[in-house]
Amino acid sequence: MKRSPLFYAQLGFTLLVCAFMVVPMVLSVMAGVTTNYFVGIKSGLTLKWIVQVWDLYEKTIYLSVGIALACVAITALIGVPAAYVLAQRQGRIARLIEELIVLPVAVPGLATALALIQFWGPYPEFRTSWVFILVGHVIFTLPFMVRPVLAVMLTGNLRSLEEAAATLGAGFAQRFFSVVLPNVRGGVLAGALMVLTLSVGEFNITWMLHTPLTMTVPVGLADSYASMRLETGSAYTIIFFLIIIPLLLALQYWNNLLRRNDQA
Amino acid sequence: MSTSTAISILQCGKTYPNGTRALETVDLEVVSGETLVLLGPSGCGKTSLLRMIAGLESPDAGGRILFGSEDVTAQPPETRNVGMVFQSYALFPNMTVAQNVGYGLRIRRLPEERRRARVAEMLEMVQLSALSARRIDQLSGGQRQRVALARAIAVTPRVLLLDEPLTALDAKLRESLRVDIDTLLRKAGITAIYVTHDQAEAMALGDRIVVMDHGEIVQIGSPTQIYHAPANAFVADFVGSVNRLQGNVQDGVWRCGNAALPWPADAPVGGVVMVRPEDLRLGHEAAGAISGTLTARYFLGNRTRLLVDIGQGAPVLVDTSERGEFALASQVHLRIDPATMIVLPA
């Protein structure tokens with residue numbers, strides 16, 4: 001089939017946009033495995049920067065993944081019931097709460113962090129624990145769980161499904177677990193994906209809340225860029241990709257698996 | 001299976017929080033084992049009444065609902081033991097056909113073996129045994145409706161509530177499912193309340209029909225009573241087509257054109273005369289008939305609908321099963337059997 005010039009123009013434009021986004025990443029990744037970035041590739045390839053980062057920042061990786069998974073669990077635990085209540089109530093107060101939940105996304109992370117520090121400052125044990133960072137992440141990521149779940153709840157005929165379950169004898173808990181949850185699973189998974197990525201990559205709030213012992217990956221990344229060679233920082237970026245990409249792929253795979261089971 | 005419960009609705013009205021008055025205060029007795037049809041245009045309160053019986057809405061203060069002698073007014077839907085078929089089917093998309101039908105049994109913790117037997121029995125009843133493992137989105141509209149019906153009946157409910165169950169289907173399927181539902185209800189001997197805005201459905205299914213309008217019950221009666229002896233002009237108009245004929249009453253005789261018919265003794269003073277299109281007969285002579293000009297004709301297969309201008313503004317509708325040419329602009333003479341004349345208060 002002969003393609004029109006417009007097709008090639010569009011293809012060219014798309015490739016250009018991709019290059020615009022991908023090339024800096026590739027350069028950064030390359031820097032992480034180059035012996036000397038300023039000399040260039042001809043100085044040779046090496047894994048020593050990656051090893052160095054791993055030795056120095058291994059703990060930040062575990063902490064980041066731990067916080068992100070805990071964050072997904074907590075936002076799901078709070079967000080799904082919250083979305084359910086918001087979907088049931090159509091009043092003005094419900095809409096106001098819906099907007100309020102999104103507020104931490106609009107307010108600069110620094111401001112949220114400051115408020116948390118001011119309030120929890122008097123409790124040093126909590127203030128210096130990793131749970132303190134988790135609280136910040138939950139506040140910031142909660143709307144990303146509530147919104148997609150709420151959207152799914154409002155689009156389907158969830159209300160009549162629940163009513164049908166009720167007339168068939170199902171009490172509230174039975175309805176919630178056998179009918180509501182399975183039918184909003186798509187929204188929960190979409191939310192979980194968002195929350196996970198946002199939590200792993202969150203810098204603003206975490207930077208304010210962290211202590212030297214509770215450093216997450218993005219904070220560690222800033223630390224390494226600020227205090228060490230450019231190659232080390234870039235190696236850190238590689239490790240960041242190595243964590244987040246498999247995590248996302250695993251979630252996506254799980255999602256597909258569930259969907260396939262549904263169809264089987 | 002023979003569960004049949006009489007239902008009493010006592011002084012039930014419904015006002016929604018936003019002030020909308022969906023149902024005026026009504027009383028209604030549903031006889032055990034009968035199929036009662038709630039018929040009316042949308043917004044007449046029929047669905048509100050049905051949802052109240054299901055427990056999905058509660059009546060305004062003072063209203064009571066009895067199942068047999070048991071007052072269920074304060075009971076939530078899950079303890080009322082009703083079966084409900086929704087207009088949207090409301091089948092659970094996360095379950096198979098068999099799981100949908102067995103849902104209520106699972107909730108009731110029926111042993112697996114008995115549950116399976118009951119589901120199989122229900123699926124056989126609605127002729128869907130072959131599709132038991134299918135997902136809901138793999139079914140046609142008619143099949144979904146039958147699953148919904150099987151699911152509602154599986155729990156042996158005290159009353160079966162059907163909320164416009166056929167509205168979403170095409171005309172042909174509607175008719176065949178109507179027959180299926182009728183057979184099923186008769187066989188089950190179950191008390192059923194059926195909401196519809198379709199008068200043909202109401203006629204075909206109802207032992208009794210409750211005609212509703214603007215939140216009020218306008219008439220309760222058998223299909224023939226509702227059709228042949230409507231309580232008022234609204235019922236006459238809503239259930240089938242009807243002609244209003246203007247005439248004069250003098251000395252106990254009603255005259256319209258050349259027609260002269262005895263004025264019923266119990267007819268209200270100044271009453272309006274109505275005649276169904278199929279009750280107007282075509283005659284050959286002008287004497288004793290209402291004459292007019294044929295302005296339009298529509299061949300409908302089993303009958304022909306004629307529009308006749310008799311000089312009273314709106315054309316008169318005439319349904320005839322005669323085969324003929326019915327030439328437009330020709331003179332037509334219409335005769336009325338006095339027994340078919342409906343006289344209602346103006």
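Chain identifiers are assigned alphabetically (A, B, ...) following the order of the sequence lines, protein sequences preceding nucleic acid strands; residue numbering begins at 1 within each chain. Owing to the predicted nature of the structure, the values given are computational and were not obtained by experimental measurement.
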Steps toward side-chain contact (heavy atoms from CB on, under 4.5 Å) verdict (E163(A), M84(B))
CA-CA 9 Å; E163(A) 287 181 346; M84(B) 184 147 174; over 6 Å; no
Is there a side-chain contact (heavy atoms from CB on, under 4.5 Å) between N157(A) and Y89(B) once you walk through the steps?
CA-CA 10 Å; N157(A) 57 343; Y89(B) 317 129; over 6 Å; no
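No more than 12 heavy-atom neighbours from other residues, nucleotides or ligands sit within 6.0 angstrom of CD1 on I93(A). Within 6.0 Å of atom CZ in F177(A), 12 or fewer heavy atoms from other residues, nucleotides or ligands are found, so the atom counts as exposed in its surroundings. The 12-atom threshold is not exceeded at CZ of R159(A), counting heavy atoms of other residues, nucleotides or ligands nearer than 6.0 Å. The 12-atom threshold is not exceeded at CZ of R116(B), counting heavy atoms of other residues, nucleotides or ligands nearer than 6.0 Å. Heavy atoms from other residues, nucleotides or ligands lying under 6.0 Å from CZ of R89(A) number 12 at most.
What you find for S160(A) and S88(B) is that their closest heavy atoms are OG-OG, 3.6 Å. What you find for Y103(B) and S178(A) is that their closest heavy atoms are OH-OG, 2.6 Å. Nearest heavy-atom pair across F92(B) and L161(A) is CE2-O, 3.3 Å. A pairwise comparison of heavy atoms in P93(B) and N183(A) identifies CG-OD1, 3.2 Å as the closest pair.
Heavy atoms of R106(B) lying under 4.5 Å from chain A belong exclusively to its side chain. Heavy-atom distances place no part of L105(B) under 4.5 Å from chain A, backbone and side chain included. Contact annotation for V155(B): only side-chain heavy atoms (C-beta onward) come within less than 4.5 Å of a heavy atom of chain A.
The distance from the CD1 atom of I107(B) to the CG atom of L168(A) is 8.0 Å, given to the nearest 0.5 Å.
With hydrogens and angles disregarded, no donor-acceptor distance shorter than 3.5 Å links the side chain of N94(B) to the backbone of V180(A).
Taking 4.5 Å as the heavy-atom cut-off, the residues of residues 68-81 of chain B that approach chain A are P77(B), E78(B), ordered by number.
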